[in-house]
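Bear in mind that the values here come from a model prediction, so they are computed numbers and not experimental data.
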Amino acid sequence: MAAVLVAALGLSACGGGGDDAGSASGDRTLVVDTSFQLTTSDPARMFEPTGQIIDHVIYETLYTFEGTDSTTPVPLLATDEEISEDGLTHTFTLRDDVTFSDGTPMTADDVVFSLNRVIQVKGNPSFLLDGVTVEKVDDTTVTLTTATPDPALPFKLTNPALGVVNSAAVTEAGGSDQEGAETADTAEDALNGESQGSGPYVIESFDVQDQVVLTRNPEYWGEEPAYDRIVLRNTEASVQSVNVRSGDAQLVVDLSADQAAELGGGDVTVDSSPSANVFFVYTNNDPAVSPITSNPDFQEAVRYGIDYSALVDLAGEGSSQTPGVIPTTFLGALDPSDAVERDTDRAEQALAASGISDPTVTLSYPSEIQVNGIDFGDLAAAVQAQLAEVGITVELAPAPVQTALEGYRAGTEEMGLWSWGPDYPDPSDYLVFTPGQLVGLRAGWAAGADPTLEAAATAVSSEFDDDARVDAYTTIQQQLNESGPFYPLIQPAQVLAYSSSLEGVAFNPSWTVDLADIS
């Protein structure tokens with residue numbers, strides 16, 4: 001799902017005091033403020049940013065990433081992977097020293113149950129395992145067989161939603177990995193009260209409106225984390241700034257670049273880098289929706305009429321222009337030299353070539369949410385003013401997110417301003433921008449619209465060689481920039497502000513920050 005969808009889930013937040021954050025006498029407690037985007041900690045149903053932060057330190061996965069890296073999955077519960085010659089069967093050997101929080105050893109049965117449960121519950125993360133068959137070979141070996149070759153599978157397996165649970169405990173709590181689990185599985189409430197993972201922390205208390213408290217897992221098989229307790233509080237970004245400055249919170253994760261600019265130095269460290277979210281504008285390619293926006297010359301006028309550098313300035317320090325739809329930190333990202341630059345002469349010439357005099361179009365966007373502190377309305381107003389300079393009149397059509405999503409998903413918006421956040425940090429997640437795919441269809445770009453581009457997307461989706469993948473994704477994005485109906489704008493800053501006494505704080509696009517790494 002696009003990041004904007006999950007951003008809508010946690011809009012109301014409270015300031016939260018720190019009175020009970022360190023109440024356990026002698027405990028070493030880390031207090032983290034974030035604006036909750038959270039519905040559950042059950043990995044088979046969880047797919048929100050705050051849930052990713054929490055589940056990453058509760059439920060361990062076959063593969064993970066180290067630190068800020070999101071390009072190289074490394075084994076965690078698995079020790080190695082073998083891929084069959086046809087690229088369909090992935091055989092994983094498991095560690096034999098892993099225990100769950102109740103001391104039960106982990107086996108292949110737990111892995112098979114956990115992944116099949118995600119498939120059968122059919123919650124938000126189930127698409128990660130579409131077409132995958134999971135089977136046990138022996139107590140320390142499992143196979144995952146894909147319907148078509150999938151080089152992104154190790155990347156998908158890093159997602160905390162695919163964390164391994166204690167199958168016996170979850171079954172006893174009403175869990176199921178069998179067909180019909182979408183209605184038969186009743187373990188969610190139990191898992192929100194008592195976690196059943198092998199990670200360094202377990203749930204002490206869980207309240208999606210107020211706070212979540214984690215305590216150290218005494219049965220953890222790996223390196224002991226530095227903190228005995230972690231308290232995550234649901235807190236508005238404006239209050240987060242106050243709390244980290246006063247020391248009431250040691251880490252905050254939702255500040256905008258402007259808010260963060262007031263904090264640097266002294267007792268607070270601010271790390272700012274491009275997030276994995278990409279803001280983009282699109283023009284509908286379907287003539288039945290708009291004979292104006294589907295005109296190729298009009299699209300050329302939009303592409304070169306937007307002032308990308310001005311939008312970067314508007315987004316603030318740490319933001320950057322995204323040269324393509326793939327974020328700059330992912331494998332296959334375009335070089336900054338490939339980014340489109342504003343050229344008003346070219347835009348005006350293209351508009352004249354379109355044969356459309358004084359065009360007026362409607363730009364739709366969600367009105368009441370922000371992503372990384374960026375307001376969609378601010379970006380929309382800037383794009384409106386920029387396109388007016390080249391002869392295009394843009395009428396703004398803000399709407400509540402659910403209303404705006406209806407038109408976006410139905411493909412009826414004439415122009416749209418949205419953001420896309422990665423479902424998993426692999427470039428294959430961005431093939432949705434090609435004709436006939438999810439976002440392509442939302443932009444009225446039907447299958448068959450560009451056979452060459454579509455063939456390239458199909459071929460790279462089964463390519464395992466990284467060098468070949470980089471070349472293919474580079475070519476695909478360059479072609480999108482030349483003739484597609486999408487206009488990548490910016491990657492806003494991801495800001496982490498924290499007490500200068502902390503070490504090990506690092507942004508990762510999959511789970512924002514690894515709380516177990518902090519000391």
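Side-chain atoms of T39 and E48 form a donor-acceptor pair, as typed in the model, at a separation below 3.5 Å. A donor-acceptor contact closer than 3.5 angstrom links the side chains of D69 and T71. A donor-acceptor contact closer than 3.5 angstrom links the side chains of N192 and S41. Under 3.5 Å, the side chains of N284 and S290 contain no donor-acceptor pair of N or O atoms. Using modelled atom types and a 3.5 Å distance limit, the side chains of D335 and S337 yield a donor-acceptor pair. For the residue pair T61 and T158, no side-chain donor N or O sits within less than 3.5 Å of a side-chain acceptor on the partner. Side chains of Q494 and D271: a donor-acceptor N/O pair is absent below 3.5 angstrom, by distance only. Side chain to side chain, N277 and Q491 fail the donor-acceptor criterion of an N or O pair below 3.5 Å. Counting only N and O atoms by type, the side chains of Q259 and D254 include no donor and acceptor under 3.5 Å apart. With 3.5 Å as the limit, one finds a donor-acceptor pair spanning the side chains of S309 and D307.
Between atom CE of residue M46 and atom CD of residue Q52 there is a gap of 4.0 Å, rounded to the nearest 0.5 Å. Separating the CG atom in D267 from the CD atom in Q250 is a distance of 12.0 Å, to the nearest 0.5 Å.
Remark: E503 CD is loosely packed, at most 12 non-hydrogen atoms of other residues, nucleotides or ligands lying under 6.0 Å away.
W418 and Y408 have parallel rings, their planes meeting at less than 30° on a 0 to 90° scale where 60° marks the start of perpendicular. Classified by interplanar angle (parallel below 30°, tilted 30° to 60°, perpendicular above 60°), the ring pair F486/Y282 is tilted. W420 and Y430 have perpendicular rings, their planes meeting at more than 60° on a 0 to 90° scale where under 30° would count as parallel.
Here D426 pairs with R469 in a salt bridge; the nearest charged N to carboxylate O distance falls below 4.0 Å. The pair R303-E341 fails the salt-bridge criterion, with no side-chain N (NZ, NE, NH1 or NH2) lying under 4.0 Å from an Asp/Glu carboxylate O. Contact check on D150 versus K156 returns a salt bridge, with a Lys/Arg side-chain nitrogen under 4.0 Å from an Asp/Glu carboxylate oxygen.
Both cation-pi conditions hold for R346 and Y304: the charged atom is under 6.0 angstrom from the six-membered ring centre and inside a 45 degree cone around its axis.
The main-chain N or O of V394 is found under 3.5 Å from a side-chain atom of Q384 such that the two form a donor-acceptor pair.
For F279, the ring-ring contact (aromatic ring centres under 6.0 Å, His included) partners at least two apart in sequence or on another chain are F376.
The list of salt bridge (charged side-chain N to carboxylate O under 4.0 Å, His left out) pairs with a residue in residues 504-519, not counting sequence neighbours, is empty.
Each of Y365, Y308, Y487, F433 was evaluated against F280; a single residue qualifies, F433, per the ring pair (Phe, Tyr, Trp, His ring centres under 6.0 Å) test.
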